[in-house]
Asker: 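Below you'll find the structure I mean.
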Number of protein chains: 2
Amino acid sequence: MLYRKGENAKNGSKQQLYARFAEVARALGSDHRLELLELMAQGERCVEELAELAGLTVANASQHLQHLRRAGLVTRRKERKYVFYLLTGDAVLNLVTSLRVTAERHCAEAAGIVDLYFRRRDALEPVSRQELRRRQREGSVVVLDVRPAKEFAAGHIEGAINIPVKELERRLTEVAGGREIVAYCRGPYCVMALEAVAKLRERGFRARRLQDGYPEWRLEGLPIAAGLPGPRGRPGVFSDREPRKSRRAHSR
Amino acid sequence: MLYRKGENAKNGSKQQLYARFAEVARALGSDHRLELLELMAQGERCVEELAELAGLTVANASQHLQHLRRAGLVTRRKERKYVFYLLTGDAVLNLVTSLRVTAERHCAEAAGIVDLYFRRRDALEPVSRQELRRRQREGSVVVLDVRPAKEFAAGHIEGAINIPVKELERRLTEVAGGREIVAYCRGPYCVMALEAVAKLRERGFRARRLQDGYPEWRLEGLPIAAGLPGPRGRPGVFSDREPRKSRRAHSR
DNA sequence: AGGTTACTCAATAATTCATTTGAATGTTAT
DNA sequence: ATAACATTCAAATGAATTATTGAGTAACCT
């Protein structure tokens with residue numbers, strides 16, 4: 001055991017706790033794993049699917065997924081031949097969002113990269129404009145504008161309701177459950193819709209964000225084919241149990 | 001064999017961005033760095049001070065700090081002979097909090113540790129920040145900051161009095177009986193407030209502890225007395241600290 | 001049964017990280 | 001100027017992490 005002097009000497013368990021937190025953080029410390037997490041944020045997926053979407057070999061993806069599982073960030077569900085991985089809960093999504101926000105806000109170096117990235121981001125698998133329009137016609141979706149009221153008043157997507165992201169917490173009752181929610185904000189560089197989706201999911205809503213934002217909707221309306229095809233199977237079907245499988249300790 | 005190409009090519013910017021996020025996450029992926037962050041959440045500190053509090057050699061602490069700095073999580077300020085490190089902003093605190101919440105909620109293993117270590121914590125039901133705020137307004141409570149004087153000076157809850165936990169025994173007379181005492185310290189994993197509450201109760205005071213600590217209070221925008229840079233004393237002067245001797249680092 | 005699919009495991013090399021040591025800055029006091 | 005101090009740097013070591021390979025397991029399909 002480790003010994004330390006001073007006021008910390010007496011609590012090694014505090015150190016243990018920090019070590020555990022660090023382990024979780026380290027699980028986030030890989031670009032591939034972050035990408036896998038964002039893919040899983042849309043719903044459960046099987047290993048091969050994740051591997052292909054993230055551009056990894058299956059074996060490598062499998063190992064990354066197990067790393068995440070060891071850290072408690074994802075769980076898995078076996079069905080027939082397949083193993084579906086999913087996020088352990090929405091706290092994970094919050095954590096990833098928080099990481100992104102912090103990284104964006106405090107890394108000048110990243111700012112340039114962020115711009116590039118946001119121009120063509122497909123990471124959170126947004127709803128395309130085309131898809132949203134189709135689903136709006138079906139009435140299977142609630143469109144949520146999370147920009148400030150003034151901007152909403154100046155123009156917004158037809159049929160959208162407006163709850164600024166800052167008021168979302170206390171106005172949650174205005175959002176009817178049941179239908180999936182599609183949130184949007186100012187545009188591709190704006191994180192408000194991301195935050196809204198994270199919050200909504202935390203409260204048990206099904207929520208996704210719209211690709212880009214209002215200006216793009218208004219100006220173009222013509223969706224480019226998304227980088228990723230829609231989620232296979234039925235999305236949003238989460239089952240929470242995990243048949244705890246054999247776990248081997250690795251000796252080294 | 002590898003799906004590393006094709007129309008879904010993960011070219012530069014996206015990978016670069018993920019890599020940047022991962023770098024930030026990796027900076028959090030060390031128990032020592034997490035501890036340093038918690039210390040800095042109390043206010044800026046110089047390297048030697050941080051090293052001693054975290055039980056590291058100065059050189060090692062310096063390198064960890066630079067790791068954090070590279071990730072954009074802390075900045076530094078030079079003054080005279082000293083280099084003071086501080087958190088880049090509150091987003092960092094949010095990130096660390098988010099990490100903690102996620103780790104607690106989703107790691108069975110961590111839950112065990114948290115439980116073991118903080119079984120007492122639950123026994124001493126904490127006062128929520130809202131409750132404290134309310135009772136502060138009615139004047140029915142004494143707020144007691146049990147952190148070292150230096151941290152108190154760097155910023156504290158408005159209206160709080162400061163008696164470091166180590167001096168509590170011999171300064172008990174300063175605490176008026178009658179009103180209930182709410183003690184707080186650095187944060188949720190800091191035991192100083194717990195100890196203070198235990199001691200106070202032994203002496204017949206009514207005492208509870210505040211949920212979390214000063215950084216969380218400040219983060220919510222609740223009233224604080226901000227520290228003044230003012231005439232700065234020499235850093236590293238701790239009232240009752242033994243002279244430094246050899247330090248043992250440790251591995252786990 | 002034999003073959004395929006979906007995933008995991010074990011062993012490897014390449015890389016990165018943490019820590020220690022001692023020396024090199026740069027600032028302040030004498 | 002010299003000494004003392006605070007911090008950083010540079011090199012070395014061992015430990016941990018990564019991607020790759022190929023083998024292993026279990027479910028599924030004729």
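These numbers were taken from a predicted model, which means no experiment stands behind them. Computed over heavy atoms, backbone and side chain alike; hydrogens, waters and symmetry mates excluded. Just so we're on the same page: letters track the sequence lines, and every chain starts at 1.
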Asker: With Watson-Crick and G-U wobble geometry limited to distances under 3.5 Å, how should the secondary structure of DNA chain D be encoded in dot-bracket form, using | for bases paired to another strand and [ ] for crossing pairs?
Answerer: ||||||||||||||||||||||||||||||

Asker: Treating T102(A) as the side-chain partner and V92(B) as the backbone partner, does any N or O pair qualify as donor plus acceptor under 3.5 Å?
Answerer: no

Asker: Strictly below 4.0 Å, N to O, side chains only: are R20(A) and E23(A) in salt-bridge contact?
Answerer: yes

Asker: Which whole-number value in Å describes the distance from R77(A) CZ to dC7(C) C1'?
Answerer: 15 Å

Asker: Side chain of R33(B), backbone of A27(B): donor and acceptor closer than 3.5 Å?
Answerer: yes

Asker: What is the ring orientation for F84(A) with Y82(A), classed by angle as parallel under 30°, tilted 30 to 60°, or perpendicular over 60°?
Answerer: tilted

Asker: Does the Q63(A) side chain pair with the main chain of N60(A), one donor and one acceptor, at a distance under 3.5 Å?
Answerer: no

Asker: Return no unless some side-chain N or O of R33(A) is found under 4.0 Å from OP1 or OP2 of dT18(D).
Answerer: yes

Asker: Among all residues two or more places apart in sequence or in another chain, which pass the side-chain hydrogen bond (donor to acceptor under 3.5 Å, both in side chains) test with R171(B)?
Answerer: E167(B), E174(B)

Asker: Write down the protein N/O and nucleotide N/O pairs, taken from nucleotides 27-30 of chain C, whose separation is under 3.5 Å; answer none if there are no such pairs.
Answerer:
none

Asker: Once you round it to whole Å, what is the distance between C1' of dA18(C) and CG of D31(B)?
Answerer: 11 Å

Asker: Return the value, rounded to whole Å, for the distance between atom CD of E35(B) and atom P of dA18(C).
Answerer: 15 Å

Asker: For E79(A), which residues count as a side-chain hydrogen bond (donor to acceptor under 3.5 Å, both in side chains) partner, sequence neighbours excluded?
Answerer: R77(A)

Asker: Between atom CG in L56(B) and atom C1' in dT21(C), what is the gap in whole Å?
Answerer: 16 Å

Asker: Could you grab the distance from atom NZ of K150(B) to atom CZ of R45(B), nearest 0.5 Å is fine?
Answerer: 6.0 Å

Asker: Go through the structure and list residues passing side-chain hydrogen bond (donor to acceptor under 3.5 Å, both in side chains) with S62(B), not counting sequence neighbours.
Answerer: Q66(B)

Asker: Between the protein and nucleotides 8-14 of chain D, list every N/O to N/O distance that falls short of 3.5 Å.
Answerer:
{"from": "dT8(D)", "atom 1": "OP1", "to": "R76(B)", "atom 2": "NH1", "distance (Å)": "2.4"}
{"from": "dT8(D)", "atom 1": "OP1", "to": "Y85(B)", "atom 2": "OH", "distance (Å)": "2.8"}
{"from": "dT8(D)", "atom 1": "OP2", "to": "S62(B)", "atom 2": "OG", "distance (Å)": "2.7"}
{"from": "dC9(D)", "atom 1": "OP2", "to": "Q66(B)", "atom 2": "OE1", "distance (Å)": "2.4"}

Asker: In whole Å, what is the span from the NE2 atom of H67(B) to the C1' atom of dA16(D)?
Answerer: 14 Å

Asker: Atom CD of E48(A) and atom P of dT5(C): how far apart are they, to the nearest Å?
Answerer: 10 Å

Asker: Do the side chain of Y184(B) and the main chain of I157(B) share a donor and acceptor less than 3.5 angstrom apart?
Answerer: yes

Asker: Look at the side-chain N and O atoms of H64(B) and state whether any lies under 4.0 Å from the OP1 or OP2 oxygen of dC17(C).
Answerer: no

Asker: Nearest whole angstrom, please: distance from the C1' of dT17(D) to the CD of E23(B).
Answerer: 16 Å

Asker: Taking the basic N atoms (NZ, or NE/NH1/NH2) and the acidic carboxylate oxygens, is any pair closer than 4.0 Å for R100(B) and E38(B)?
Answerer: no

Asker: Could you tell me the separation between the CG atom of L68(A) and the P atom of dT17(D), rounded to a whole number of Å?
Answerer: 13 Å

Asker: With heavy atoms under 4.0 Å as the rule, sort R69(B) into base, sugar-phosphate or nothing.
Answerer: nothing

